[in-house]
Structure formats: C-alpha cells, structure tokens
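Heavy-atom basis, side chains included; hydrogens, waters and symmetry copies ignored. From a predicted model like this one, the values you see are computed outputs, not experimental measurements. Residue numbering restarts at 1 for every chain, and letters A, B, ... go by the order of the sequence lines.
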Amino acid sequence: AETDVRIVLSEDLDLLEPCMATRSNIGRVILENVNETLTEYDTQGGGGLRPRLAERWEQQPDGSWRFHLRQGVTFSDGSTFDARDVKHSFDRAMNSAMTCETPRYFGGMTVTATVVDDHTIDFAADPVQPILPLLMSLVTIVPEETPVEFVRDPVGTGPYAVTEWTPGQQIVLTRRDGYWGEQPAVTSATYLFRTDPAVRAAMVQTGEADIAPSIAQTDATNPATDFSYLNSETVYLRVDHSVPPFNDVRVRRALNMAIDRAAFIGTLLPEGTEQAVAMFPPTTQGANPDVKPWAFDLEGAKALLEEARADGVPVDAEFTLIARTENFPGVTEVMEATLQMLQDAGFNAKLQMFEVADHERFYSKPYPADRGPYVLAAMHDNNKGDPVFSMFFKYDSEGRQSGVSDPGVNQMIAEASAATGDERARKWSDLVAHLHDEVVADVLLWHMVGFSRVSERLDWRPSIATNSQLQLAQIGFR
Amino acid sequence: MAEHLLEVSGLSVDFHTAAGVVHAVRGVSFHVDRGETLAILGESGSGKSVSASAIMNLIDMPPGHIAGGSIRFDGRDLLRLTDDQRRQINGRRIAMIFQDPLSHLNPVYSVGWQIVETMTAHGVARDHARAEALRLVTRVGIPDPAGALRKYPHQFSGGQRQRLMIAMALAMKPDLLIADEPTTALDVTVQAEVLALLEELQAETGMAVLIITHDLGVVAEIADRVVVMNAGEVVETGETDAVYRNPSHPYTRKLIGAAPGKGEMHAPLSPTAPVLSVRDVVKSYGEFRALDGVGFDLMAGETLAVVGESGSGKSTLARMLLRLDEPDSGVAMWKGRNLFTLPPAELFALRRDLQMVFQDPTQSLNPRMTVFQLISEAWVIHPDILPRARWRERVAELLAQVGLRPEHAARYPHQFSGGQRQRIAIARALAMEPQLIVCDEAVSALDVSVQAQVIELLDRLRREMGIAFVFIAHDLPVVRDFADHVMVMRKGRVVEHGSVRQVFEAPREPYTRALLAAGLDPDPEVQARRREARLAAAL
Amino acid sequence: MFGFIRQRAIASLISLLGLVVLVFFLSRLTGDPAALFLPIDATDEMRRQFREIHGLNDPLAVQFWHYLGDLARLDFGDSLRRARPAIEIVLEAFAWTFQLAVITMAIVTAAAIAVGALAAFRVGGLFDRIASVTSLVGASAPDFWIAILGIVLFSVTLGWLPTSGTGTPLHWILPIGVLFIRPFGLIVQVVRGSMITALSSAYVKTARAKGVRSGPIIFVHALRNAMLPVITVIGDQAAALLNGAVVVETIFGFPGIGKLMIDSILQRDFNVMLAAIMVTALAIFLMNLLIDLAYALLDPRIRH
Amino acid sequence: MPLSATDTIPQEPGALRRLARMLWADKFALAAALFVLLVVVLAVVGPMWLEGAATRQNLRGRNLPPFSLAQGWLGVLGADALGRPLLARIIVATRNTITIAAGAVLFSAVIGTMLGLVAGYMGRAAGQVILRLADVIMSFPSLLLAVIVLYILGPSVANLIVVLAITRIPVYLRTTRAEVMEVRERMFVQAARVMGASRWRIIFRHILPVVLPTLLTVATLDFAFVMLAESALSFLGIGIQPPEITWGLMVAQGRQYLQTAWWLSVWPGLAIILTTLSLNLLSGWLRIALDPTQRWRLEMKGRRNG
Ligand SMILES: Nc1ncnc2c1ncn2[C@@H]1O[C@H](COP(=O)(O)OP(=O)(O)OP(=O)(O)O)[C@@H](O)[C@H]1O
Ligand SMILES: Nc1ncnc2c1ncn2[C@@H]1O[C@H](COP(=O)(O)OP(=O)(O)OP(=O)(O)O)[C@@H](O)[C@H]1O
Ligand SMILES: [Mg+2]
Ligand SMILES: [Mg+2]
C-alpha cells in the first residue's frame, strides 16, 4: 500500500531479541517499534529523558527509584502490560543464563526490582544510581511469559509486530491495532539487507526502498534525498600512558598538535564532521563548549618533541599506528593522511590496519606487550545521553580500554557518576576539560557524520538517534 | 578418350619446415579408372602418402602447400571444391584407409560408433548403419563382431585395428578407395581374405582402388597397373606384369631385385645356454585370454621369428617381456633372473639390454622431440654408452644405417612418412646397444629395398655383436631370410615351433601350412596362376 | 565401479574428519568469540558467562569430544550469535548458493565450450582474437566493477532489472551475469588450448576423410578428447562457486553461503563455520567424485 | 643411400633466435612481451624512482581527474583520494604486486603440478592421499586460512604468498593429474620406460610438456585472480598495508569512488587486466611455439597463407 515503507539496512540481524536492542542493527528494527522501554532519551529534540511505558518516576528517600506505569497497555499477543512484566523483563535481561547486552550498563551495581502493585515498580540500586531512569531507557519490556533464552519472535507493546522474518532476506513489521498511543502513519515496514552502500543508495533511487539509513558519502549526491546527520560516533587515537615515549605529556601534546583535524573535514571526511574535544557527542549533557580543539601547529609539535628528546625521552622510537579496517568509510585514507602528518612532525610511525577481531586484541586490556609501542585509532559510540557510558571505560585506571592511569581522574569519574542533575553535568564538563587540556589523555579527532537517503515521498529526516533506532512512528508521508 | 575416374596431373606438394622447404611430391601424374586397381609402389618417404592425402584434401595447409597440378575426380577439379562439396565426396565417393590405424582411430569412441558414423554422416539411417557395421566387421574377420563394436581402439591388436579401418572405409561402398598400406599389419591368411573382399566389392560395385603398398606380392595379386615413385617423382608406370618383367627405371629394377625370400635360410646355431627362457606366460584381458601358456628359449645371436594370426597375442607377448604389462603368470628368465618379478631398481639395470621396436611407430615417438633428441635419449639415460661429444656423429651414423639422412635429425616425427618413422624407432633401439631387441612388425612399413638394407644391418649386428632378436612379423619371405627359429602363434597359443628350415619346408601343423600357402609371390604371373587355381577350387 | 565409489566414500569420510579436526582446532587459535559477540565494554563476568554457556571454558580436547559426540547424532550445535541450530542456517544459505552455482556453471560450461572450440577451429582468426581478448578482459576485471556497472546500467539507468535481492527470476539475471564472467574467461582459454591440439590429431583427419561436417568434428570428435583438463577446471570453478560467491552475495544481497561463511569466520561463530565447511566440503567431495567418474566416462583408456 | 661417416647433422639455428623470430611473427604476442618486459622493469626500478612522488599527499588535489598535465606528467592519470598521482602510485605498486602475484602463482603452480604428477604417475596409494588432501584444501575457506595464519604467524608478505598459494594448489594438482592419467598410457611414454628412463625423466621430459600449456593458461589467469584477491587479505590485515600499495589494494580502495572518481580504481584495474592479458597472450603463443606440430603457424607467418 501507499503507506508501506521499505527500509534497506547494511546487515542482516543475527537475533531479534529485545534484550539485545541496544545493538544498533537490532535496535533500528525493534526498539520502540516492537519493544518499548519505560523511559526514552530524546537526543533529537533535546528534550532529555521522556516517559514512555512509565508515566512518571521519582527517587525514594532510600535512593531507590519508583516508576508509575502506563495503564491500558497491551502486548501484541493480547496480554496486558503490568509491573510483573517489567520485573520479568529486567531480571531476564540480567540473567546470567543469557548473554544480553543489558548487564554492561549496570556494571558495578546490584539492582533489584520490586513490584509494588500492578502499575508501580521499585528499582533499588546498590550503590545508589542517580541515572537509573536513563538506564531504564535501555531495558526493553517483554511479557512475563517470555522464556529465559533468546527468542526469535519478539512480543512487545509497541505499535508494530513482527509478522515475517526470512533470515538473510527480509523482516516485515506490521502496524497493530490496540496500541496505547497514537496510530502511526506507516502501516507496514519491510526491512531489507544489502551490504554494499552503493546498492543501498541505488535501491532508494529506483524505488526498491524508501529509506537507506546509512549510505556512503560518495553516493550522497542528491540534495533532495540525501541527508547527513551526526551519528554519535567519535574517532580518537588511544595512547597508552605507561609506554615510553607516550608517558611524557609533551609527546602527547605534540601528537595532538601534529594533526590538522580541520584539513580532513570537507575532504576525506564529509562536511558537517565536527572536531572532537570529548569522547561523547556534543548533544550529551556534560559536554563542555569551552574546551577548544587542538589547533594544528606543526612547528609547536616539533619543538615539543625536541624538548622531550633533550630530556632523554625516546621520541625516535618507532611506533605503530593501529587502525581497524572498515571502521568507517575512508578509514584507510584518513589513517594514511594522519600517518603522514605524524611523520611530518617528526614521529617515527608506521601504519597497520587490522580486522575487527585482531584490532580488539590491541584495543582492550590486557594490552599485548610484545608488539612494541603503538597508538590505536578507534571509534566510540555514545548515543545514550550520558558521559558515564564512555568515561569509565576509556579513562579510569580500571577501564577496559583506558590508556590513562591517574588517581585524580579516577576520583573525578567516580564523583561525576554519583552526582545528579546540573552538578553531574558540571562535573563531567570539568573532567572533559581536565582530560583534554591537562592530562592530554588521548588524541580526540572527530565526531562523525553519516548519510541517509530518503525517498521523496516520505517526510523523515535522520538524526543522531538514527544510528541506534529508527522509529517508524516518526515517519510521515508527503 | 573417356574421362578417367581420378586423374592426378602435375601434382606438387611442398612442406614448410624450420630448416627450409621440403618438396615432398614433385609433378606427379597418374590416373585410375572405374573398376581398376592401381598400385603405387615406391621408396619409403617418396611421397605416396602425401599424394593420397592431397587427393583427400587432408594435407594441413599451411604448413603444407599444393604448389601445382590438378586432381580431377569424376570430371570435377577437387582442388576447387567448396568445403561442403568436398564433404559430399569424402567418405561417400572416395574413401581412405590410413597407413597408421592407431592414431587415425579416435581413442575415446567405440569402434562401432566410428564405423556407424561414416554412414550416418552421409544420411544412412542409424539402425541400418548399425546392422551394416556388424556385417562389415564380420567380413574383415574380427572375432566376436558384436562385442568388438563396443570396444575401443586401444583394445585391439595392430592388425585388428587395420581391419577396422578397412571396414570403415568400405562402409559407403565408395567409387574410389585409397588404401595406404592396408595390409602391413596383417598375417597372410587374413591379408588374403581382405584382398579377396576388395576384389569382390570391386566386382560388385565397380569400385576403383588406389593401393599404396611396398609388398610386391600384393601388387602382383590385385593390381592392374602400377606407378613407381621415388624421391617425390613418378619414375615408372605401366601394366603390372609389364613392369615386373621389364622394369625400365633403375630404381624399379632395384626394387624388384630386392624382393625378399630368395636368400639362404639360416642354419641353426650350435646350442648353448639360452639367454632368454620363457615359460607358460598367461595374460587375460577380462574373460579373454590373450596369451595362454606361451614359452620358448632364445640364445645369444639368435633370431626367433614370431608369426601368426593377427590378434594372436604377439604384441602382448612382447609387452610382457619388456614389463610394460604384468602377466598373470609365467616366468621369463633372462640370464638367470626372472624378468617378471624383478624389482624396479634391478629392472632399470636390465633395461638397456632389452629393447623394443613398437608396432605403431608414430605413437611410440614423442611428438615434441626431434629425431636427434629421440635417439640420443638413450645416452642421456645411460650415459656410460657414449660420451656426449660423440652424440652428433653417432646419430648421423645410425640414421644413415637405417637409410635416413643426417639433416633429418632436426625434424620432428610428424614430418616423416610412416616408413621413416619406423626406421627412427629402429635407430633408437640400436642406439642403446642392447643384447635383445624385440621387433614388433619393425620392417612392415618399409619398401623392399630399404627393408633389405635394414634386415642386412640387423643381421650383421646379430652376427657381430651377438644380439638376439624376437622378430614379430607376418611377412614370411622376410622371416625366411632373417630368422633362425620360427614360432607360429594362434589364439594365444604356440601352435608350432621349430627351426626356420623345418617350419618352411616341413610344416607340421595345418595352420602353418595354410599360412605358407596364403603367401603371395611377387611375380604377377605366378599369382595369376594361383588365383585361377583358387577359383577353380572354389567352384 | 561400486568398489571404487565405496572406497572413495570411505577415503572422503576420513578427509572430512580431518577437515573437521583441522578447522576445529585451528579456528580456536584465532581469538575469543566472546570478545566479538559481546560489546567492547562488556564486563569480565559477562565474558565468563558467555564462554560458560557455549562450553568454551572446557579444555579444547573436551570441547572437541563433545562436538564429535553431537556430530554423531547429526547435531551441529547452535550458532554462537544467532541462537539457532547452525546446520539450519547453513542449509538455508547453501540451498541458494547451490542453485546459483548450478545454473551459472551450466550456462558457463555451454557457452565457454562453444566459444573456446570455435576459437580453436580458426586459430588466430578474427573470432579467435575477439573471443580471447574479451573473455580475458572479463576474467581479469575486478568483479565488483562488473556488478556495480550492471546495477547502474540495467537497474538505475534502464530500469529493466531489480538492483538486488531475490524473488523473481529477474533477480537472478545480474548475479548470474557477474558470476559468469570469470569462469567463462578461464574455461574458454582452457578449451581453446586443448582443442588446438585435438583438432590437429590424426583422427580428426579420419573424420574429415569420412565426410563428417565441421560441427561434429569439433564438438564430437575433438571436444571429447580435449575435455580432461576442461572438466577439471570446470570443477575448480564450480568449487569456488560452491564455497560462495562473496562479492555477488554481498552486492546483490543474495543470502548464500559465501557471506555466511565469511561472517562466521570473522565473528568466530565456530559451529556455523564448521557446519558450513562440512556442507560445502561434502558438495565439493561429491563433485570431485563425479568429475573422476567423468574422466573414465570421457576417456576409456582411463580406468580407476 | 650409403653415407660416409663424415656427414654430420647440420647445425640448427639457435633456439633463442628461432623463438625471437616466432615472437616477431605474432604481433599480439610481441606487444604482450614488450608490456610484460615494461612491467618487470618498472617492478625493479619503480620504487626507487618514484617512491617520493607516489606517497606525497596533497589534500587539495584529491581525486584530481585524469588527462590533465596541470600536476606534471605524473598527474595524467589523475590523483587519488589523498591527492597522490595515480601514475606514480601504479608504477611504485608494480613491485609489490608482481612479487606477490608471481610468488603465489609460481608457488602454487609448482607445488600443485608436482603433486599432480606424483598423484597421476606414481602408485595408487600416494595418489589417493594427495587427492584427498587436495579435496580438503579445496574445501578449506581461504579466508579462514588467512585468519589463522594471521593469528599464528602474524602479517608478512611471505605469509601472504603462502595463504594465496595454498588455496590455488588443487587446480594445478587436479589438472595435472587428469592429463597425466591419459598421457601415461600413450605409447611414447611406454617407449621411454623401455629405454629405462627414470620416473622423473618420464614425468618431466615426456609427460610434463604435454600438460604444461594448460597449466600455463590457468596460471596466467590466476595472476589476475591473485592480484585482486590479495587486496581482500589486506582488509584482514594480513596483506600489504597502506601506505605500501599494490594494484589490488588500489582497486579495492577506489571501489567506493567508482561512481564519483572512476579513475581511482580503473587505472590499477586496467594494469591488472593488461598484465593478465599480456601473460595470457604470451602463454598462448608459447603453447604454439613449443609444440612442433603447431609451430608452423608462427614460422609460416608473413611468408604464405595456405
Ligand atoms: N609435415 C611435414 N613436414 C615436412 N616434411 C614432410 C611432412 N610430411 C611429410 N614430409 C616428407 O614428405 C615426404 C613424403 O612423405 P610420405 O608420407 O608421402 O612418404 P611415403 O611415400 O608414404 O613413405 P612411407 O612408405 O614410408 O609411408 C617424406 O620425405 C617426408 O619426410
Ligand atoms: N587392452 C586390451 N583390452 C582388451 N583386449 C586387448 C587389449 N589389448 C589387446 N587385446 C586383445 O588381445 C589380443 C592380442 O593382441 P595383440 O596386440 O597381442 O595381437 P597381435 O598378435 O600383436 O596382433 P597383430 O598382428 O594384429 O598386431 C587381441 O585379440 C586384442 O583384441
Ligand atoms: Mg606413407
Ligand atoms: Mg601386434
């Protein structure tokens, strides 16, 4: 029908499991379309955290959170939504018999859900968790009857139900009656999978698809259909502070000064790419607009290196710039150009590209000791709305991908994580400035841009959320 | 004067080679009429086969080239026909029997299929063609004809393949049959049957026959007229009888003079310990027993001739002796060692003592090696025979001994005539300086003058070097001249074994007698008389 | 013949087992699937659990023992990533690949033999030159060029064919067209070379002397003699297709085994990897057996 | 005709001279030979000559279209995404490309052919083992092999060659064996056995020359295959890594620009095609030049045409 849409994605889904909806490929299909969450973070409109299946929530004096659930909501299998479903959904997602993604967001705390009545539920976290409502935007709700194993036919409260899944070929979502909210305009959505970006773009052009959420920059040539959006990915070079010569702050400064970030934008990277000063996109609360990106200063970099060399720092030691193949479009060229800039500044660097599994060996602790000094290029995605999803992992001494080992930084991360409201935002921005200017923790490069191609008959624009979800309800027709 | 059926005039054929142009045929003219048999006699390599190929339009052009002349068949110039018109004539009106049946049969199709195709290609219904094929194969005397049609060329003996070729050529009852050495591999009884078949067809359909042969007996038996060729030219033509009686050209005289079977028979040597002693060799192909308890003794410097029916297992025996095939049972003691059970390492040491000249010379020469490489390979393998510095000289010498020229050393096998290839194979065997040579129809494709030269060479080697020979042949006069002992074989068994004198003068077995009786005499008059007697007996 | 096949079946079973052992142990040296399945910032606890659930914590020998036990019951295990039986995923994908391979190879074989044989008939002639050069250019051009060019031309510009996907017969045209090119080029060359030799043999002269037409001379008399190397190369190319046509599968969104195999290797989804390898190996073994039988069928001098 | 022993065999014209003459006779093959020669020369001198020019980046001159001399003669083929002149890069990449392709093809062809000869000529048992091994290799995904080698041995050009070569061994092996099975039944092979030729002599002197042309045909096309496949392994990190380059890698990198800047992948692709085409024309020529029954096709050229 006229109101059916076809969406072409880059990869088929391994699973259609609600507890894995934080994975972007799965989330794009089912998150908020099939399975809803208690709360919802509005990255697009800047509206912050908004109610979805919970109408409101408050923190109890003991630090636990109470959620008041929406009434009159039914699942697509006909059963009614109540607090027991929420408890089951949470417990299921945290269950160690399954390998859901959810536990990673609740690391370092124990959370217990207690059903108060049919429409009220308490979540008690130890230690107290200030951003628990935000975390609840990552827990999808399934019916109480859902078994504790990966399912292939997710049931949810959302406006759509999965009506067909032919692995490798297509998934069809159909609008269902009895949705608690407003009826969306799209009656059904068919998801297709094509690995090649040029083909995805061509499919929208020929009318075989209506939306291609991610296409290549080089294919985005038609202003009427092709739109760019900040995709919440941040590219940076991770530096291990424990390894000479990078244990010297001057060397790390020189690294930062040697790279002409601006020169990439509009050339190798699309227009709209932003220079990064933090590990998370600027739409996140806690972003610090006062921190300025490193200015390109070749002479300065050389001078710093000279200075370090004079102090006996082994700045001439060869190191490897390690990057991941297919990490983002044009990664090879970007890395080659980066390498060139580093070499121009006097660094003795070489480049090595690895596929994802091999790259991972260098990315996460324990770092290999036998491969000589290296600087690792990586891309980090934080669209969850809070810096906490980035900062511990990347900067705490215990962080899995951290190159920093600084008690002061550890302290600041702990404090910011425990804070709420404006104070929380302030503490995060202080940390951002400290890491960037004082510690010179790493070489932050860019916040990346993606491109979507959208058929002209649709009224829809990609946003920073498009990377992780694509709410069919937001699609209109012209 | 009425049109001849085939008229070749002034035909010249050149071949281009790396070393220059070879004028294979030079201004050759002859003609054949309906119902007539013309024999082309001539020295090996004199251009007989090339002339025949030219008539069939089978010369590869290039590198071949018809430099001049015309070939008229039934009023049409064959050299000016379109491919399609040619196809109408080939097989149906002119058929050819090739000199070298093994390479001319397609190895991957059953012989039945190949014979049937000759007919279906010209529109004969398949069922009819199949029945006809069976009839033809029966006519040429192949045992178990129905089974034979399903077999492949490599499963037949040399003579059987030749007969299959003949059956194929006769399938369409052509107006002209070109037969290039059609009976070289046939024993005399079978040869007589085949010649009778040709005559019968000739009487029936008025077929003309152009037969290329070096066997004066065959000429005497069936030819009305002869053409004698030498070095690419026709040197003499005329009625068979007239040419035999009054040869005008020296070459013709030499040819007739060289006819074998007139010399002294060998007297048996004084018996000494045999070098080769074979007992009870048995070999089966599936159900079929190709060899059934064959045995003999052979002394140094002695020649054992093996004669017998085509398909009687002669080549098979030779292959066993050289361990090219494993016998089912039996022993062959060579200087006290059993050849059949020798381990490969020791076999290698013996290899240079035992050599073989194969029945199909074309196939036994590696097409990618020059004659020089082919012959000198012996010395590459056994470096102690001859120092490298003397190779060229020795190759030239060997070539000369078998009647070839030194400049032939740079050529490849496909650039030679059938007889020339056979001589290369002989030269190669001699290069090894072996103690025993198994010659499987080694001189059958040679004209009598060259044959005499080669036989003389072998005989000298036998005497001087004490080389022993197992000489497989069907040409009884040659056997008579060369052999010390004769072994007659039939259906895988030895039917008679004795000294040459005993076998030729006092044959014991009826089969041997039949064999001797079927021999052809080079004198046309003698043959004519015999034929009359035969006809009279048949009536 | 049956003895030969039985002996061959046993030998193949042993090789299959060898293949499984090889893949099982070697693939486990290539890193931890947990690191790839779980998010980069997953906790150690999550990693441990993942390994526990999938039995990856046991010693390798024990894991292999279990695997063999399951295999004996035709249980190929579940995918580490997809929560589905591995064999189910593999067979689904293989069905597509198999069809694609069979259709493509049928067309390629027919076309390449015809073109190669005709080119050999007149060596150095115009047809020979054109056929050789175009087939070679096609065969050495990057396949994605042809794929993308095909989409741009036939789908985007002309609108005749769908860009990608499956469903109608029209969807098959572009993938087959792209897959066609490399094997075609190679086989044309092999046919041509081998036919040049066959066509100059003595038995071809016999056929000409019999008055057989050029067609049967080329395609009946010479071709069968020239086929040994040709079917070997056909087999090689077919094996490559059975292993999956990755470029075509990724570009045209064709749900075949090639992409599945690559994904399972890159993601260290061992069970799927093993099942996929076993299924394709079985197909390849079978094909090689057929080819070996074909040798004997084509040339009576070859007997097994 | 009696002959005096002083008559000797006439000296043949030198083999090289004859080959040269035959090459001259086939203008296609001649052009191909010249091209291959050029490639080899560039492979030797290319990196020393143009290394600097090929790696100098110029972000302002990125994706410069071809056929303009604005950037000097090196810029006639345009520039890549980092503004490096494509002509210079193609020339510099020649060495890596040819090293890897020739290495992998030679390695696989030699080993495959050897094993095929053994499997075809030697005893049944050895043949069976070798063939089943080939079956295993044939069904072992090359990508998995690459990942394993990468993990266990780490990336290097030698390992890259090994990975590429192993996967191609079965074609040569099976092709060789199939032909050997037929050729070994031919009479001239048996004649060689009668002369006492060793197995190896029979295999190399009598059987191999018959099989070789087919192998050459396959090998030359494998050249293209290897050049393109090699870049796929770069993606895994086992292959050549930027800033080092090969033609295959250039083609792969240019892929995303196929519709906006075609020259990025078309020129190196063309280099691959031309090299393959040349090698194949040469192997076709060689097949005829080495076959005495076919050689007239070349020796006759220019003289007369039947
Ligand atoms: N392709 C070729 N290239 C060069 N010379 C050739 C070629 N084919 C044949 N010849 C030469 O042509 C001459 C005639 O050969 P032909 O086959 O007609 O001889 P023939 O009379 O049939 O001899 P034979 O009785 O031995 O079969 C021979 O000297 C031979 O060397
Ligand atoms: N490979 C084989 N398979 C089946 N039968 C065979 C095979 N080789 C030979 N034979 C048969 O064995 C018999 C003997 O063959 P052999 O070649 O020894 O005959 P021959 O005495 O040399 O005959 P000719 O004088 O015709 O050459 C023939 O009847 C032949 O059909
Ligand atoms: Mg002749
Ligand atoms: Mg015989």
Side-chain angles (χ1 to χ4, degrees), chain A residues 8 11-17 20 22-23 95-108 149-152 166-170 192-196 198-209 355-358 360-361 363-364 378 380-381 389-390 392-394 399-401, chain C residues 30-54 78-84 88-89 92-93 96 144 147-148 151-152 155-156 159 161-167 246-247 249-256 259-260 263 265-269:
Chain A
V8 54
E11 52 176 331
D12 186 16
L13 279 57
D14 295 337
L15 298 163
L16 259 185
E17 167 56 51
M20 296 297 249
T22 44
R23 269 207 205 162
N95 194 313
S96 65
M98 286 173 72
T99 49
C100 293
E101 291 227 327
T102 321
R104 74 188 254 218
Y105 302 109
F106 294 87
E149 64 187 30
F150 285 156
V151 295
R152 301 180 51 74
T166 323
Q169 297 181 67
Q170 60 176 22
L192 303 166
F193 313 102
R194 300 288 185 269
T195 316
D196 194 86
V199 173
R200 293 198 293 272
M203 285 176 76
V204 178
Q205 198 179 341
T206 61
E208 285 170 63
E355 61 90 27
V356 53
D358 221 1
E360 153 73 5
R361 297 202 289 188
Y363 194 9
S364 294
H380 173 68
D381 176 13
F389 300 110
S390 308
F392 180 83
F393 298 108
K394 306 296 181 197
R400 241 195 138 72
Q401 287 99 32
Chain C
T30 62
D32 180 7
L36 289 163
F37 179 78
L38 296 174
I40 196 98
D41 44 11
T43 60
D44 287 336
E45 178 59 18
M46 287 170 73
R47 281 163 210 264
R48 205 193 51 70
Q49 271 168 20
F50 180 86
R51 289 199 209 98
E52 186 69 50
I53 290 172
H54 295 287
D78 283 354
S79 159
L80 295 185
R81 303 179 65 90
R82 305 195 192 200
R84 283 181 75 197
E88 216 175 286
I89 304 173
E92 255 168 33
W96 286 102
F144 71 84
I148 292 183
I151 292 178
V152 169
S155 309
V156 178
L161 298 172
T163 55
S164 54
T166 54
V246 182
V247 169
E249 285 172 18
T250 49
I251 291 190
F252 294 106
F254 213 87
K259 181 86 172 23
L260 180 70
D263 286 347
I265 291 169
L266 291 181
Q267 299 162 344
R268 314 293 189 266
D269 193 343

Enquirer: Need one label for Met98(A): side chain, backbone, both or neither, based on atoms under 4.5 Å from any heavy atom in chain C.
Expert: backbone

Enquirer: State the CD-CG distance between Gln49(C) and Asn95(A), to the nearest 0.5 angstrom.
Expert: 8.0 Å

Enquirer: Identify which part of Arg48(C) has an atom lying under 4.5 Å from any heavy atom of chain A, answering side chain, backbone, both or neither.
Expert: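 No part of it gets close to chain A.
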
Enquirer: If I measure from the heavy atoms of chain C, does Tyr363(A) come under 4.5 Å with its side chain, its backbone, both, or neither?
Expert: side chain

Enquirer: Answer with side chain, backbone, both or neither: which region of Phe193(A) has an atom nearer than 4.5 Å to a non-hydrogen atom of chain C?
Expert: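 It is the backbone, since no side chain atom gets that close.
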
Enquirer: Enter the distance from Leu161(C):CG to Thr206(A):OG1 here, rounded to the nearest 0.5 Å.
Expert: 11.0 Å

Enquirer: What option among Gly256(C), Ser155(C), Pro162(C) has the most heavy-atom pairs under 4.5 Å with chain A?
Expert: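 It is Pro162(C).
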
Enquirer: Side chains of Arg84(C) and Pro167(A), heavy atoms from C-beta outward: is any pair under 4.5 Å?
Expert: yes

Enquirer: Please report the shortest heavy-atom distance between Ala202(A) and Thr163(C), naming the atom on each side.
Expert: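 In terms of heavy atoms, the two residues are closest at CB-CG2, 4.2 Å.
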
Enquirer: Arg361(A) versus chain C, heavy atoms under 4.5 Å apart: side chain, backbone, both or neither?
Expert: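 For Arg361(A), there is no contact with chain C at all, as no heavy atom is under 4.5 Å.
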
Enquirer: Checking heavy atoms, do the side chain of Arg152(A), its backbone, both or neither come under 4.5 Å from chain C?
Expert: side chain

Enquirer: Considering only heavy atoms, which portion of Ile251(C) lies under 4.5 Å from any heavy atom of chain A: side chain, backbone, both, or neither?
Expert: both

Enquirer: Which one, Ala147(C), Gly159(C), Pro255(C), leads in non-hydrogen pairs under 4.5 Å with chain A?
Expert: Pro255(C)

Enquirer: Nearest 0.5 Å please: distance from the CD atom of Glu11(A) over to the CG atom of Asp263(C).
Expert: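 Separation between the atoms: 8.0 Å.
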
Enquirer: Report the distance from atom OG1 of Thr250(C) to atom CG of Asp196(A), rounding to the nearest 0.5 Å.
Expert: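 CG of Asp196(A) is found 6.5 Å from OG1 of Thr250(C).
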
Enquirer: May I ask you to name which of Ser79(C), Gly253(C), Ser164(C), Ala93(C) has the most heavy-atom pairs under 4.5 Å with chain A?
Expert: Ser164(C)

Enquirer: Between Trp96(C) and Gln169(A), is any pair of side-chain heavy atoms under 4.5 Å apart?
Expert: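 Yes - at least one pair of side-chain heavy atoms lies under 4.5 Å apart.
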
Enquirer: Counting heavy-atom pairs under 4.5 Å to chain C, which of Gln205(A), Lys394(A), Met203(A) comes out on top?
Expert: Met203(A)

Enquirer: Checking Gln401(A) against chain C: side chain, backbone, both or neither under 4.5 Å from a heavy atom?
Expert: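 Side chain only.
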
Enquirer: Out of Leu16(A), Asp14(A), Thr195(A), which one racks up the most heavy-atom pairs below 4.5 Å with chain C?
Expert: Asp14(A)

Enquirer: Heavy-atom distance under 4.5 Å to chain A: side chain of Arg51(C), backbone, both or neither?
Expert: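 When you check distances to chain A, no heavy atom of Arg51(C) falls under 4.5 Å.
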
Enquirer: Could you tell me which portion of Ser96(A) (side chain, backbone, both or neither) has an atom closer than 4.5 angstrom to a non-hydrogen atom of chain C?
Expert: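 Its backbone and side chain both get close to chain C.
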
Enquirer: What part of Phe252(C) is in contact with chain A, defined as an atom under 4.5 angstrom from a non-hydrogen atom: side chain, backbone, both or neither?
Expert: backbone

